[in-house]
Amino acid sequence: MIDLNKQIQYIKGVGPNRAELLNKLGIYTLEDLITYYPREYEDRGKPKKIAELTDGEEALIEVLVVSRMSEQKVRKNMAIYKLIVRDDTGSCVLTWFNQSYLKNKFILGKKYKFYGRVSNKYGKIEMNSPVYDEEKTNKNTGKIIPIYPLTYKLSQNTIRQVIENGLNAVKNEGGLEETLPTYLLEEYNLYDINKATKEIHFPQDFTEFEKARKRLVFEELLSMQMALLSLKNKYTKEEAGIQFSKEVKMLEVINDLPFKLTKAQLKVLEEIDNDMESIKPMNRLLQGDVGSRKNSSSYDISI
């Protein structure tokens, strides 16, 4: 059976140094890791033509490399690397800063996929610091990519890979134990816990994401509701309220009012009177519209 309390440093791809960075995010165990949900998602699955790119957008392009990587050193610790690519609608200049390992990465005449922020000014189209894949791979493109809250020393690629390793570890050790009964899963059309956990991190599409989110939110709200119900039962069974004397009646006060109460108001007062004579603790909300003299109804909201 999977040990969700396994220390994070023992997950594949972590180790002591990276564990310290994960600890700063509140991730100490395998359970913390697989429940560290993305803050947003990027849809990198829909390529656009270069001629369709607009200034400021983030987009995916599928293009042919038509130049060798150029290097320009602007100062001692700064170098700019540029690559020209094109499709059947136009060309685009890709730019990276201080990434010398890319110099011989791209092959002239070969197709690649690039995803990044577009600059389109005066007809000159550029893409700054794009992520990339070869034509038939989809590690960084061609799908929905989760984006996580991070410490500045930990990259998105790293946290995604570590979470994927954590999910694989869970799967290889038999998966998570289901926490909801089968009849609830069927009645509300909910994913099981393993599918929901996988799809919340790496959804196949946004429909799958919504279904995964529905399952996890349902469970969270159900757990909260049951906790509140447990507190209410404990409170009403173990705690005694103030029991007021049955000899004290409100009739004299009511008769001295300068207006006549409605039947609904009298009913509510009778309910309150009975509850105050009981030893059971009571928290009561008297609800009514402004100007109605609170005559609509009365609800017990004991917790």
Side-chain angles (χ1 to χ4, degrees), residues 1-6 8 10-14 18 21-22 25-48 58-60 62 113 115-116 131-134 136-151 154-227:
M1 186 175 180
I2 185 68
D3 179 14
L4 292 176
N5 292 316
K6 180 187 292 185
I8 192 64
Y10 301 116
I11 302 301
K12 181 181 177 181
V14 181
R18 193 166 282 171
L21 297 176
L22 292 168
L25 300 174
I27 301 174
Y28 296 91
T29 66
L30 175 58
E31 182 175 18
D32 294 334
L33 180 66
I34 64 175
T35 56
Y36 191 72
Y37 302 131
R39 59 178 170 82
E40 61 180 330
Y41 301 83
E42 287 181 349
D43 188 354
R44 302 180 184 177
K46 299 175 181 177
K48 298 184 73 172
E58 292 185 335
L60 173 70
E62 296 179 343
K113 296 181 290 184
Y115 179 90
V131 296
Y132 58 89
D133 281 318
E134 293 186 7
K136 295 183 179 180
T137 62
N138 63 346
K139 182 177 181 181
N140 298 305
T141 63
K143 59 185 178 181
I144 296 171
I145 300 293
I147 306 297
Y148 297 90
L150 292 182
T151 174
L154 199 61
S155 72
Q156 289 291 338
N157 282 341
T158 297
I159 188 67
R160 282 195 287 266
Q161 187 59 62
V162 170
I163 288 177
E164 186 174 355
N165 292 343
L167 292 173
N168 287 336
V170 170
K171 181 179 179 180
N172 293 337
E173 295 186 40
L176 299 170
E177 184 177 357
E178 182 56 67
T179 51
L180 294 179
T182 302
Y183 77 89
L184 280 182
L185 297 178
E186 294 176 350
E187 181 177 353
Y188 293 98
N189 192 27
L190 301 174
Y191 277 165
D192 65 70
I193 187 62
N194 287 285
K195 185 169 179 61
T197 302
K198 177 184 178 297
E199 293 295 335
I200 201 68
H201 287 288
F202 304 109
Q204 298 299 310
D205 52 49
F206 283 109
T207 299
E208 295 295 295
F209 159 72
E210 289 295 344
K211 290 180 179 179
R213 182 177 180 275
K214 175 185 174 182
R215 153 63 201 247
L216 296 172
V217 169
F218 180 95
E219 183 172 10
E220 182 177 353
L221 293 178
L222 178 62
S223 298
M224 185 182 300
Q225 186 69 19
M226 294 188 70

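Reckoned from all heavy atoms, side chains included, excluding hydrogens, waters and symmetry mates. For this chain, numbers begin at 1 and follow the sequence in order.
Between Glu177 and Ile2 there is no side-chain heavy-atom pair separated by less than 4.5 Å. No side-chain heavy atom of Ile193 sits under 4.5 Å from any side-chain heavy atom of Leu180. A 4.5 Å side-chain heavy-atom check between Leu184 and Leu222 finds at least one atom pair inside the cut-off. Put simply, the side chain of Ile163 reaches to within 4.5 Å of the side chain of Tyr148, judged on heavy atoms. Between Leu4 and Thr29 the shortest side-chain heavy-atom distance does not fall below 4.5 Å. Looking only at side-chain heavy atoms (C-beta outward), Tyr36 and Pro149 come within less than 4.5 Å of each other. Using a 4.5 Å heavy-atom threshold, the side chains of Gln156 and Glu42 count as separate.
The two residues Ala59 and Lys48 have their closest heavy-atom pair at CB-CD, 4.2 Å. Residue Val162 comes nearest to Ile11 through the heavy atom pair O-CG2, 4.3 Å, listed as atom of the first residue, atom of the second, then distance. The heavy-atom pair separating Ala196 from Ala212 by the smallest distance is O-CB, 3.5 Å. Across all their heavy atoms, Ile34 and Val170 have their closest contact at CD1-CG2, 4.2 Å. The two residues Tyr28 and Asp32 have their closest heavy-atom pair at N-OD2, 3.0 Å.
Around atom CD of Gln225, no more than 12 heavy atoms belonging to other residues, nucleotides or ligands sit under 6.0 Å away.
Applying the side chain to side chain contact (heavy atoms under 4.5 Å, CB included) criterion to Ser223, with sequence neighbours excluded, gives Glu219. In this view, Phe206 and Tyr41, Asp43, Ile144, Phe209 satisfy the side chain to side chain contact (heavy atoms under 4.5 Å, CB included) rule, not counting sequence neighbours. In this structure, the side chain to side chain contact (heavy atoms under 4.5 Å, CB included) partners of Asp133, at least two apart in sequence or on a different chain, are Lys113, Thr137, Lys139, Asn140, Thr141.
For Asn168 and Glu164, the side-chain atoms include no donor-acceptor pair closer than 3.5 Å. Side-chain contact of Thr197 with Asn194: a donor-acceptor pair under 3.5 Å is absent, judged by distance alone.
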Walk me through it: do Glu199 and Lys214 pass the test salt bridge (charged side-chain N to carboxylate O under 4.0 Å, His left out)? CA-CA 11 Å; Glu199 293 295 335; Lys214 175 185 174 182; over 6 Å; no
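For Arg44 (side chain) and Leu60 (main-chain N/O), no donor-acceptor pair under 3.5 Å exists by modelled atom type. Counting only distance, with no hydrogens or angles, the side chain of Glu134 and the backbone of Lys136 share no donor-acceptor pair below 3.5 Å. Formation of a donor-acceptor pair under 3.5 Å by the Glu58 side chain with backbone atoms of Tyr115 is not found in this model.
When each of Glu220, Glu178, Glu210 is tested with Arg215 by the rule salt bridge (charged side-chain N to carboxylate O under 4.0 Å, His left out), just one qualifies, namely Glu178. Screening Arg213, Lys198, Glu208 for a side chain to side chain contact (heavy atoms under 4.5 Å, CB included) with Tyr191, the sole residue that qualifies is Glu208.
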